[in-house]
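Only one structure is covered here, and it is reproduced in the block below.
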Amino acid sequence: MRRTRQAVQRALVELILEKGYDAVTVTDIIDRADVGRSTFYAHFTDKRDVLFGNLDELVEMLKAGSGPAPGRLFGFSLPLFEHVGEHRDLVRALLGRRGGGVVVPRVERILTGSVREELLAAVPAGGRPPEGLELVAACVVGALTALLVRWAEDGGTATARGMDAVFREVVTPGVEALLARGAGTPLPEAGGR
């Protein structure tokens, strides 16, 4: 059963990389995975279900590698980059240009949950979360998603540690400064000085 699911998921990834998500049909997936139509539908409802099944692996990895680390924001980032490095074809298929943009909003929601959890854990005891917490989370997730997509598409020789270092160097100081300003202090107005 697990082997069949993996064969179907692998077939979808290969097909997305070849011709893009939108052009792939269930028949293409069935043919590539060498499974029957009834077997396919016993495991999945449609190609989108297959796609999101691939994403479940990322979610489980994030849950396992996340959780606030004392004194360190975004403890999930290095495990995430390591996972992407090990499964670059999968990530390129899911998040890259040929993925059809179906998965990016879901990935962003998942990452936002992890970021929000870490930001809340970083608030000093008795403090309040900063106003605009969701905006801060959106900025962090936007930077992380952009780096993941860029690396999956044309990462060259970058390593997971190198990508994590870039993410941390660019994002962490700003977030730490906002947290240090004191919980409850409003964020600057958009476009303000």
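Counting from 1, the numbers follow the sequence of the chain as shown.
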### Task
Report the distance from atom CZ of R10 to atom CD1 of I29, rounding to the nearest 0.5 Å.
13.5 Å

### Message
Just to verify, what does V175 make a side-chain contact (heavy atoms from CB on, under 4.5 Å) with, not counting sequence neighbours?
### Response
L73, F74, L119, V136, V140, V171, L179

### Query
If you measure from SG on C139 to CG on L144, what distance do you get to the nearest 0.5 Å?
12.5 Å

### Task
Show your reasoning for whether side-chain contact (heavy atoms from CB on, under 4.5 Å) applies to I16 and L51.
CA-CA 10 Å; I16 289 172; L51 187 67; 3.8 Å; yes

### Query
Can you list the residues that meet the side-chain contact (heavy atoms from CB on, under 4.5 Å) rule with L120, with sequence neighbours excluded?
R116, P129, L133

### Task
Please confirm whether the backbone N or O of A158 pairs with a side-chain atom of W151, one donor and one acceptor, at under 3.5 Å?
yes

### Task
Take L80 and L148, measure what side-chain contact (heavy atoms from CB on, under 4.5 Å) needs, and give me the verdict at the end.
CA-CA 9 Å; L80 178 61; L148 289 171; 3.8 Å; yes

#### Entry: Contact list for residues 23-41, test salt bridge (Lys or Arg N to Asp or Glu O under 4.0 Å), sequence neighbours left out
E14-R32, E18-R32, K19-D28

### Message
Is the positively charged end of R161 above the ring of F81, judged by distance under 6.0 angstrom from the centroid and angle within 45° of the axis?
### Response
no

### Summary
All heavy atoms of A33 vs all of A7, minimum pair found to be CB-O, 3.7 Å

### Task
Answer whether the closest heavy-atom distance between the side chains of Q9 and V13 falls below 4.5 Å.
no

### Message
Would you say L78 ends up clustered with F76 if hydrophobic residues are merged whenever their side chains have heavy atoms under 4.5 Å apart, either directly or through other cluster members?
### Response
no

### Message
Under a 3.5 Å distance rule, please check whether K47 uses its side chain to pair with a backbone N or O of T27 as donor and acceptor.
### Response
no

### Task
Report the distance from atom CZ of R5 to atom OG1 of T39, rounding to the nearest 0.5 Å.
13.0 Å

### Query
Listed by chain and number, what are the side-chain contact (heavy atoms from CB on, under 4.5 Å) partners of T145, not counting sequence neighbours?
V104, E108, L111, V141, V149

### Message
Set out, in order, the CA-CA distance, both residues' side-chain angles and the distance that settles side-chain contact (heavy atoms from CB on, under 4.5 Å) for V50 and F40, then state yes or no.
### Response
CA-CA 10 Å; V50 179; F40 176 89; 3.6 Å; yes

### Query
Any side-chain heavy atom of Y41 sitting closer than 4.5 Å to one from V26?
yes

### Residues which pass salt bridge (Lys or Arg N to Asp or Glu O under 4.0 Å) with R168, listed by chain and number, not counting sequence neighbours
D164

### Query
How long is the span from the NE2 atom in H43 to the CZ atom in R2, to the nearest 0.5 Å?
12.0 Å

